[in-house]
Q: 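Here's a structure for you.
In listed order, ligands and their atoms are each counted from 1. Quick caveat, the model's predicted, so the values are computed rather than measured. Start at 1 with the first residue, then count along the sequence.
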Amino acid sequence: MGIQIRHAMIVDRQTIRFNAIDLQGLQLLGNCLGHFARDHGLRLVTLSGQLGAGKTSLVRSWLTALGVSGRIKSPSFSVVESYQLDDGSQVAHCDFYRLDDPLAWQAAGLRDALASDLALVEWPAKAQGLPTADLSLTIDWSQANDPEGPRDIRVSLATPLCNELMQVAQKAGLSPQRCDAPSGPTDQPVDPHKRASMGGLVQAVGAVSAVGAGSASGLLSLSFVLVPTDAQATAVTAVRVWPSKDYTRISIEHDNAKLGFYTQTLQNPPRLFVDISGVRLNDKLKTLLASVKPDDPYISQLRVGQYKPDVVRIVFDLRTDIKPQVFTLKPVAQYRHRLVIDLYPKIARDPLLALLEQVDESRRDPAEAARIQDILSGKTGPSFTDPSQTPTDQAKPSDQTAQADSKDKAAPRVPSGPSGPSGPKKEPATKRLVTIALDPGHGGEDPGAIGKRGTREKEVVLRIARLLKRKIDQQPGMRAYLTRDGDYFVPLGRRVAKARRVKADLFVSIHADAWVSPRARGSSVYVLSERGASSTAARWMAKKENSSDEIGGVRIGAADEDVAQVLLDMSTTAQIRDSLKLASFVLDQVQTINRLHKQQVEQAGFAVLKAPDIPSILVETAFISNPEEERRLRDANYQDQMAEALMRGIKAYVDKNPPLAKSRMM
Ligand SMILES: [Zn+2]
């Protein structure tokens with residue numbers, strides 16, 4: 001495609017206003033302009049307006065009018081999206097918001113895009129020396145706190161075309177108003193910055209004459225460019241994004257104890273607005289754009305801007321309806337103040353679904369898969385309640401069902417042990433899969449312990465857990481489920497809830513922790529204690545592991561307390577007895593590959609071991625704080641040996657304590 005240089009003529013331009021247009025009106029206008037621009041051969045169209053004003057929505061309707069079908073992606077990441085129409089003509093949709101250099105648009109690719117048969121350009125002010133647009137459109141969104149609120153739209157184009165557009169728009173059901181004062185002749189390429197500020201001036205004057213003094217609508221776009229002067233405004237020091245199938249978390253670290261926020265969700269298409277006051281848009285905060293992965297399960301696009309002197313606005317375009325949880329966390333461990341934005345799916349992801357997905361296709365039991373599908377579709381069984389969700393989400397019925405079921409399950413387990421009257425070798429009447437919940441500690445915001453060489457516990461334990469899962473899945477009659485299969489944070493209570501939801505028979509939490517002295521070494525296995533810890537070190541370790549929620553970040557809410565209460569109300573005596581058996585089998589095997597820290601199983605109040613109905617152990621695979629053991633933990637061979645040892649220990653327990661044949665929900 002050849003590069004065409006447009007020669008704009010000096011023409012009179014006029015402006016048409018569309019006042020108080022709602023989102024449907026916006027789509028109507030996009031459709032109308034799409035036909036109009038094609039019929040009159042317009043080639044360059046610019047769209048201005050603050051973040052979230054609706055520029056991309058308008059372009060979508062515009063492109064749909066031209067016959068573009070399927071998904072119309074926002075170009076905010078790619079800068080340009082191109083379309084070929086049925087008649088062979090090319091349309092480019094550009095978003096210059098992310099251009100760092102005002103001359104970057106002159107790079108070959110973008111120049112070509114602008115030479116398309118039609119180019120629709122968002123954020124033209126970011127590009128210096130753009131040719132004059134055939135039609136420039138500005139969206140004023142004065143009630144920006146209300147995403148559904150009305151927009152005032154100004155369309156500026158050559159005077160001869162104005163009459164025609166007035167007629168076409170009226171026919172389409174819109175109410176265009178011609179601005180009496182023409183915006184004056186526009187010359188050849190002007191400095192877009194100058195033009196933008198002139199536009200703001202014109203707008204301010206227009207607002208005063210139309211609505212009278214006191215209207216804020218004209219001032220908004222002016223204040224948009226002001227540098228924050230508020231002494232409270234503070235800089236963001238770090239931005240992190242943790243995507244996962246369960247939820248995506250955005251963590252914004254800052255220094256302002258008084259930071260405020262306001263959120264609003266919108267549907268069709270789903271979006272989330274987060275306005276943060278007391279924060280200045282800086283380079284750190286801008287890295288948020290690049291931090292979101294293109295395959296994020298919940299975010300499809302994201303924009304961030306300083307939309308008032310002391311307010312930063314983040315607009316998330318979402319892939320699905322979400323239930324956001326936005327909260328602040330006080331400084332803890334290595335972190336300063338944090339603002340956390342959690343994007344949960346509106347319907348919590350059921351761990352049963354994850355269990356199904358985690359099982360290798362070839363090993364799936366079709367009958368069980370069908371049963372799980374029935375449960376997931378609500379035909380049978382209780383629905384899963386995410387403890388992070390509000391109590392209105394059937395938390396009570398679900399918990400009660402789980403409680404009743406777990407009592408029924410915990411009771412008959414005791415005589416099934418080797419000392420039980422039925423003997424250890426009794427064959428179950430019907431075979432069923434034994435499910436082992438594997439719980440790699442920490443994740444996401446919580447790195448766990450960090451070795452001298454920078455080895456992070458959360459990464460090492462995830463690798464060991466994945467290896468162990470593969471080994472367990474290869475055992476006949478056994479399968480494993482991971483409470484966390486990625487680098488994201490899972491609160492301690494939720495790990496327990498997930499294991500109970502998939503009816504895990506055993507729970508194995510995997511860690512690699514640190515001690516104050518680098519000389520401490522050796523593996524340990526812990527179980528829950530009902531009355532105090534078995535040693536000072538065990539108590540210290542439990543306290544350290546239990547701080548995971550604080551570092552990883554959980555919102556304190558009523559629903560979480562409900563879950564905690566269920567767990568507290570139930571006796572763990574039988575569970576601890578079985579857990580001690582499991583732990584000693586595992587300890588026997590672990591000592592074949594690493595020295596033991598203590599020769600016996602230790603006990604302490606680990607929060608993650610509190611499932612009243614599942615024998616649960618926590619394995620400290622080695623001390624990451626010991627340089628020699630850190631080296632081993634990094635070693636793929638050692639990771640595999642550790643996984644193998646854990647598998648042998650678990651299998652030895654299962655062989656001695658076959659699960660009871662009982663009719664299960666799944
Ligand atoms: Zn740990």
Q: For the side chain to side chain contact (heavy atoms under 4.5 Å, CB included) test, which of Val312, Ile341, Thr328 pairs with Phe261?
A: Thr328
Q: I'd like to check Pro612 versus Gln575 (side-chain heavy atoms, cut-off strictly below 4.5 Å). Are they in contact?
A: no
Q: Parallel, tilted or perpendicular, judged at 30° and 60°: which one describes the rings of His254 and His337?
A: parallel
Q: When you compare the side chain of Glu644 with that of Ile593, does any pair of heavy atoms fall below 4.5 Å?
A: no
Q: Side chains of Glu620 and His597: does their closest heavy-atom pair fall under 4.5 Å?
A: no
Q: What's the count of protein N, O or S atoms under 2.8 Å from the Zn ion (ligand 1)?
A: 5
Q: Is the shortest side-chain heavy-atom distance between Val608 and Phe507 below 4.5 Å?
A: yes
